[in-house]
Amino acid sequence: MEYDFKKIEAKCQQQWEEKEIYKVSNLSDKPKYYVLDMFPYPSGAGLHVGHPLGYIASDIYSRYKRLKGFNVLHPMGFDSFGLPAEQYAIETGQHPATTTQHNIATFKAQLNKIGFCYDWSREVRTSNPSYYKWTQWIFLQLYESYFCNTQQKARPIADLIKKYETKGCSKFTAAEWNAFSKKEQEDILMKRRLAFSAYGEVNWCEALGTVLANDEVINGVSERGGHPVEKKKMRQWYLRITAYADRLLQGLDTVNFSDAMKEMQRNWIGKSEGAEMDFHIKDRQETIKVYTTRPDTIFGVDFLVLAPEHSLVSHITTHAQRQSIDEYLHYVKSRSDRERMAEVKQITGCFTGAYALNPFDGKQIPIWIAEYVLSGYGTGAIMAVPCGDQRDFSFARHFNITITNIIGSHYNGQEANATKDAVLENSGFLNGLIMKDAIAVAINKIEEMGIGRRKVNYRMRDAGFSRQRYWGEPFPIIWSDGIALPLDAKELPLELPFVEKYGPGPEGEGPLANIPEWTAKHLETSTMPGYAGSSWYFLRYMDPHNAETFCDRKASDYWNQVDVYIGGTEHAVGHLLYSRMWTKLLYDLNLIGFDEPFKKLVNQGMITGKSFFFQVDEKGSIISYQKENSSAAEFIRFKYGHQFVDANGILRKSVVDKNGLQLPKSIKWNKDEEGEYVVTKEEAEKMSKSKFNVDNPDDIVDKYGADTFRMYEMFLGPVEMSKPWDTKGIEGVHRFLRKLWRLFFDEIKGKLWNQDAASAEELKVLHKTIKKIDSDTENFSFNTAVSAFMIAVNELADLKCHKKEILENILILLAPFAPHIAEELWQQLANEGSILNATYPGYNEKYLIEATKEYPISINGKMRTTISMATDAAQPEVEKQVLQNEIVQKWLEGKQPKKIIFVKGKMVNVVI
RNA sequence: GCCCAUGUGGCGGAAUUGGUAGACGCAGCAGACUCAAAAUCUGCCGUUCGCAAGGGCGUGAAGGUUCGAUUCCUUUCGUGGGCACCA
């Protein structure tokens with residue numbers, strides 16, 4: 001009998017489906033385990049070989065936990081709202097709902113071929129009204145809540161209203177509150193709501209009449225069409241995630257994420273401690289509030305810099321500087337935040353003509369504006385200390401501003417020195433203090449003088465939560481005289497209406513603004529962003545069909561946190577912070593019983609695709625790629641090049657002719673004995689449809705089977721690492737499965753297995769393998785597990801072992817990795833039931849004990865020979881044996897060793 | 001620019017806490033079986049000097065700590081990812 005993977009895989013998948021073997025119950029006396037994948041966005045390109053990497057890992061882990069006796073929840077769904085579907089709709093006129101449904105069907109078919117153990121009865125789709133009903137409902141909870149600073153948690157806004165009505169607050173009395181108009185009251189409340197509306201800047205493209213994602217803006221112009229893009233203020237919705245900044249930071253200590261991941265989130269939140277301080281402006285009433293983490297450097301301030309968007313800019317600009325400032329503001333409008341931060345070498349700025357006064361010594365300080373100061377961070381104004389900050393230094397140099405040195409010899413005049421250890425000079429009352437001690441002294445003085453205060457600042461900003469788009473959740477909000485009125489929960493879902501046109505509405509509003517029935521009801525015309533639905537989907541899987549609530553409390557209490565969450569690092573900050581915040585909100589409102597969604601996070605690396613590029617010469621012809629002078633050369637993408645270029649990056653003319661390829665340019669062929677060719681440039685890039693470098697898993701599954709595909713993706717390398725896709729090694733994995741098969745079947749003799757008792761040697765192979773596979777699987781080290789399987793099968797083949805006692809345990813170990821072949825052989829061995837419900841074998845240390853060890857012997861740290869010695873030998877005995885050794889004596893040349901280092905069970909080092 | 005990750009044979013990668021660098025697999029070379037091919041099996045396979053025995057050099061680069069460094073520290077270069085409206 002041969003290994004006919006096609007037949008086996010089809011048969012097993014059918015059996016499993018018939019028996020509903022992946023169906024998971026919320027009622028079980030087994031301990032629960034929740035393994036979750038980041039659900040995919042179902043793009044039109046279908047699944048590529050990069051997608052399944054994490055899915056295979058989580059599938060292996062889920063099956064492993066099941067064999068270990070857990071009730072495992074391992075669901076899958078689709079993040080099906082988003083921009084690409086809408087873009088596709090604009091281009092082709094097909095409704096996003098149609099294309100999305102089609103794409104999901106493709107994805108599911110592809111996923112099923114790989115043999116994942118999803119319980120599809122729990123599938124969620126964020127674009128289904130039955131799902132986004134609850135996304136809208138949670139939005140209403142956010143809208144109806146505020147963050148209580150005393151209790152550090154969300155509370156119903158009704159509590160706040162009651163407080164205002166009865167006690168007032170520091171800004172107004174209860175009587176004043178009650179006298180406010182409805183609009184005034186709502187405006188005040190809006191400043192506290194966790195979902196709130198305010199004005200914010202967006203990338204506005206006049207020519208396209210729409211708002212663009214940062215992604216769609218390249219070098220200040222739109223990606224499509226290359227039209228100019230500028231900043232525009234528009235009413236937006238936001239989530240007050242900054243309120244949760246501290247809890248998001250603290251929560252990191254309670255979860256098992258990688259240090260790198262925690263670091264990224266901490267940096268994103270960007271908590272810093274410092275002071276806010278007011279500077280008086282010469283001859284004017286206004287003051288400029290700056291935020292600084294280094295109040296100790298106050299006497300080194302040589303100028304102030306305002307963000308160009310700062311509200312005071314137009315007030316303080318002098319007549320003489322007016323024109324220059326206007327020109328500069330015009331220039332800045334075309335620049336993205338990213339460009340403003342990235343291009344630090346290009347120093348730009350403009351003097352306003354105004355001066356501020358140093359609050360301590362009254363020194364006049366010129367006020368500039370510059371794009372390197374961002375309006376969204378701190379107060380949008382900084383005090384520049386050129387001797388201590390490199391950007392300030394470069395700026396001062398560039399514009400010939402005098403630099404005050406307050407750190408003596410620590411400043412060399414060539415570059416800034418951000419030290420905190422210098423002793424302050426030229427610093428008034430701070431003279432003689434070490435900088436890090438002076439910080440507190442300075443803040444105390446500032447507070448004492450009433451010109452500022454201690455301030456904790458966050459880099460994180462509130463999250464923009466509206467999009468001027470169609471394919472997203474509509475906001476359950478009606479506008480009435482500038483007041484946002486929430487819909488009643490009973491009216492949900494507020495369904496997305498059908499539209500004819502997906503183009504933008506008037507004034508950059510979303511497509512919903514084009515629908516008279518929508519605008520007649522004064523409904524909000526923007527929609528929620530992609531991350532809305534994905535911020536809470538892990539809860540819906542627990543209770544996916546509940547029409548009464550987003551997730552029954554019993555279900556969320558049983559499944560609780562996601563035990564392992566697997567996904568890419570590209571979601572490190574965005575999605576993970578948002579879902580952590582939503583979880584905290586639901587927890588605060590006592591709707592769920594935990595305030596961190598993900599107990600453990602595993603980041604899978606990306607499988608990069610291979611892209612190929614043609615080098616083009618001055619005349620516009622394709623030439624062979626040359627490493628030299630290629631930096632200045634021009635390259636054009638060779639679409640789908642990975643399908644035609646050989647392992648050395650060579651494209652043959654014969655291949656071009658055979659496949660009827662149309663090349664974008666004329667080509668100058670090189671010639672060798674095999675014919676005409678051209679060398680292309682290879683680059684590893686993210687796999688994506690737009691890069692034309694996508695490989696499809698279906699082809700691999702058809703050719704080698706799902707089991708081979710699964711094991712090969714794992715064998716490529718550690719799950720967390722990025723790696724280029726290459727099918728070179730897949731034969732090896734396939735050969736391994738065939739070799740395993742041959743332990744059970746022989747083409748001539750047929751069944752090979754027997755009931756004989758296993759030998760000590762065979763038991764040693766088995767138990768060594770159990771130990772290794774068990775710990776590697778537990779640690780997500782799947783690549784080394786695959787190699788351990790290969791070693792085990794090689795050794796059992798060498799031992800000609802066909803004993804059921806050994807083989808059936810190997811099958812259980814293998815079942816998570818290659819479920820189909822394991823199931824088939826399990827049944828062939830005449831075992832009862834499915835292998836999916838087998839019990840994971842334990843290993844017994846007694847089979848692994850060795851009496852002797854082959855010790856490596858080093859001379860001065862270099863390995864020279866090995867000596868076999870008893871495992872329990874002590875140092876004196878070891879030294880004796882080592883010194884008797886011929887090779888050691890040769891290196892000693894008759895001398896006595898200075899020292900002999902012996903590490904039991906490890907090695908011996910003779911130091912001469 | 002900032003933040004994070006990463007760099008080991010021709011290739012993917014392995015190496016529990018600092019202790020035999022290159023497991024396992026691919027590719028390659030030589031051989032067995034075969035009329036032949038496929039499949040399968042056996043051996044070799046970092047580099048360099050050497051007939052060999054045996055040695056030198058080797059984990060991006062340069063330093064350092066240590067009896068001993070792929071692993072720890074400092075500096076530096078390359079590559080990939082993220083940077084708030086792609087998801």
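Convention: sequence-line order gives letters A, B, ...; per-chain numbering from 1.
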Next on the checklist: With side-chain contact (heavy atoms from CB on, under 4.5 Å) as the criterion, how do A/I382 and A/D389 come out once you've worked through the C-alpha distance, each side chain's angles and the decisive distance to 0.1 Å?
Outcome noted: CA-CA 12 Å; A/I382 62 155; A/D389 182 284; over 6 Å; no

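- Of all nucleotides present, only B/C41 satisfies the Watson-Crick or G-U wobble test against B/G31, with each distance under 3.5 Å.
- Qualifying salt bridge (Lys or Arg N to Asp or Glu O under 4.0 Å) partners for A/D774, counting only residues two or more places apart in sequence or in other chains: A/K68.
- At a threshold of 4.0 angstrom between heavy atoms, the contacts of A/Q236 include nucleobase atoms, whether or not backbone atoms are also involved.
- At a cut-off of 3.5 angstrom, the base of B/C86 holds no donor-acceptor pair with the side chain of A/E86.
- Legend: residues meeting ring-ring contact (aromatic ring centres under 6.0 Å, His included) with A/F745, ordered by chain and number and at least two apart, are A/W741, A/W753.
- The side chain to side chain donor-acceptor pair (under 3.5 Å) check on A/T135 picks up A/W536, with sequence neighbours excluded.
- For the OP1/OP2 pair of B/A38 and a distance below 4.0 Å, the side-chain nitrogens and oxygens of A/R735 include no atom meeting the criterion.
- Comparing atom distances between the A/W268 side chain and each of B/A84, B/A23, B/A27 picks out B/A84 as nearest.
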Checklist entry - Could you run down nucleotides 42-59 of chain B 5' to 3' and tag each one B, S or - for protein heavy-atom contact under 4.0 Å? => result ------------SSSS--

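- B/U8 and B/G1 have their C1' atoms separated by 31 Å, with the value rounded to a whole Å.
- Counting only N and O atoms by type, the side chains of A/E854 and A/T852 include no donor and acceptor under 3.5 Å apart.
- Ring-centre distance between A/F465 and A/Y531: below the 6.0 Å cut-off.
- In terms of the side chain to side chain donor-acceptor pair (under 3.5 Å) criterion, A/Q889 has no residue partners (sequence neighbours excluded).
- Ring-centre distance between A/F395 and A/F393: not below the 6.0 Å cut-off.
- For B/G56, the base adopts the anti conformation, since its glycosidic angle falls more than 90 degrees from zero.
- Nucleotide B/U6 holds its C1' atom 17 Å from the CD1 atom of A/I607, rounded to whole Å.
- For the P atom pair drawn from B/A30 and B/G68, the interatomic distance equals 44 Å after rounding to whole Å.
- Straight-line distance from the OH atom of A/Y238 to the C1' atom of B/C85: 11 Å, rounded to whole Å.
- In this structure, A/R738 does not reach the B/A39 phosphate: none of its side-chain N or O atoms is under 4.0 Å from OP1 or OP2.
- Positionally, the nearest nucleotide of RNA chain B for A/V910 lies more toward the 5' end than for the other of A/Y578 and A/V910.
- When the P atom is compared between B/U70 and B/G64, the two are found 15 Å apart, to the nearest whole Å.
- Between B/U20 and B/A15, the two C1' atoms lie 10 Å apart (nearest whole Å).
- By the salt bridge (Lys or Arg N to Asp or Glu O under 4.0 Å) test, A/K739 is found to be paired with no residue, residues two or more places apart in sequence or in another chain being considered.
- Non-hydrogen atoms lying under 4.0 Å from RNA chain B are contributed by A/N783, A/T784, all within residues 778-786 of chain A.
- Comparing B/C85, B/A84, B/C24 by their closest approach to the side chain of A/S787 singles out B/C24.
- Look at A/R467 and you'll find a side-chain N or O under 4.0 angstrom from OP1 or OP2 of B/C85.
- In this structure, A/L577 places its CG atom 13 Å from C1' of B/G82, rounding to the nearest Å.
- Here the P atom of nucleotide B/G13 and the CG atom of A/L716 are 8 Å apart, to the nearest Å.
- Residue whose closest nucleotide on RNA chain B sits further toward the 5' end, between A/V733 and A/Y531: A/V733.
- Among the protein residues, A/Y41 comes within range of the sugar-phosphate backbone only, with heavy atoms under 4.0 Å from sugar or phosphate atoms but none that close to a base.
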Identify all pairs in which a protein N or O lies below 3.5 Å from an N or O of nucleotides 2-5 of chain B, and state each distance.
unit_1	atom_1	unit_2	atom_2	d
B/C3	O3'	A/N267	ND2	3.0
B/C3	O2'	A/N267	ND2	2.8

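- The nucleotide whose nearest atom lies closest to any side-chain atom of A/K728 is, among B/G19, B/C11, B/U20, B/C11.
- Among the heavy atoms of the strands, none lies under 4.0 Å from A/G574.
- Taking a pair to require two hydrogen-bonding distances under 3.5 Å in either a Watson-Crick or a G-U wobble arrangement, B/U59 remains unpaired.
- Across the C1' atoms, B/G78 and B/A23 are found 28 Å apart, a figure rounded to whole Å.
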Side-chain donor-acceptor distances from residues 709-722 of chain A under 3.5 Å, at least two apart:
unit_1	atom_1	unit_2	atom_2	d
A/R710	NE	A/F817	O	2.9
A/R710	NH1	A/D59	OD2	3.0
A/R710	NH1	A/I114	O	3.3
A/R710	NH1	A/G115	O	3.0
A/R710	NH2	A/D59	OD2	2.7
A/R710	NH2	A/P816	O	2.8
A/Y712	OH	A/D726	O	2.4
A/Y712	OH	A/G729	N	3.4
A/E713	OE1	A/L53	N	3.3
A/S722	OG	A/M606	N	3.2

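- Applying ring pair (Phe, Tyr, Trp, His ring centres under 6.0 Å) to A/F39 and the options A/Y537, A/F107, A/F538 leaves one that passes, A/Y537.
- Side-chain contact check for A/T242 and A/D462: at least one donor-acceptor pair (N or O, by modelled atom type) lies under 3.5 Å.
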Table of protein N/O atoms under 3.5 Å from nucleotides 69-72 of chain B N/O atoms:
none

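- Checked by atom type, the side-chain pair A/Y502/A/Q87 shows no donor-acceptor distance below 3.5 Å.
- Base pairing analysis places B/U71 opposite nothing; no Watson-Crick or G-U wobble pair with both distances below 3.5 Å involves it.
- Counting non-hydrogen atoms under 4.0 angstrom, A/P718 reaches the backbone sugars and phosphates but no base.
- Whole-Å rounding puts the A/L576 CG to B/G82 P distance at 15 Å.
- Under the salt bridge (Lys or Arg N to Asp or Glu O under 4.0 Å) criterion, A/K904 pairs with no residue at all, not counting sequence neighbours.
- With sequence neighbours left out, the side chain to side chain donor-acceptor pair (under 3.5 Å) criterion links A/T527 to no other residue.
- Across all strands shown, A/I791 has heavy atoms under 4.0 Å from sugar-phosphate atoms exclusively, and none from any base.
- Residue A/F715 has its side chain nearest to B/G12 when only B/C41, B/G12, B/A23 are considered.
- Counting any heavy atom pair closer than 4.0 Å across all strands shown, A/S466 reaches a base atom.
- In this model, no donor atom of one side chain and acceptor atom of the other lie less than 3.5 Å apart for A/N103 and A/Y41.
- Within 4.0 Å (heavy atoms only), A/K723 reaches sugar-phosphate atoms of the nucleic acid but no base atom.
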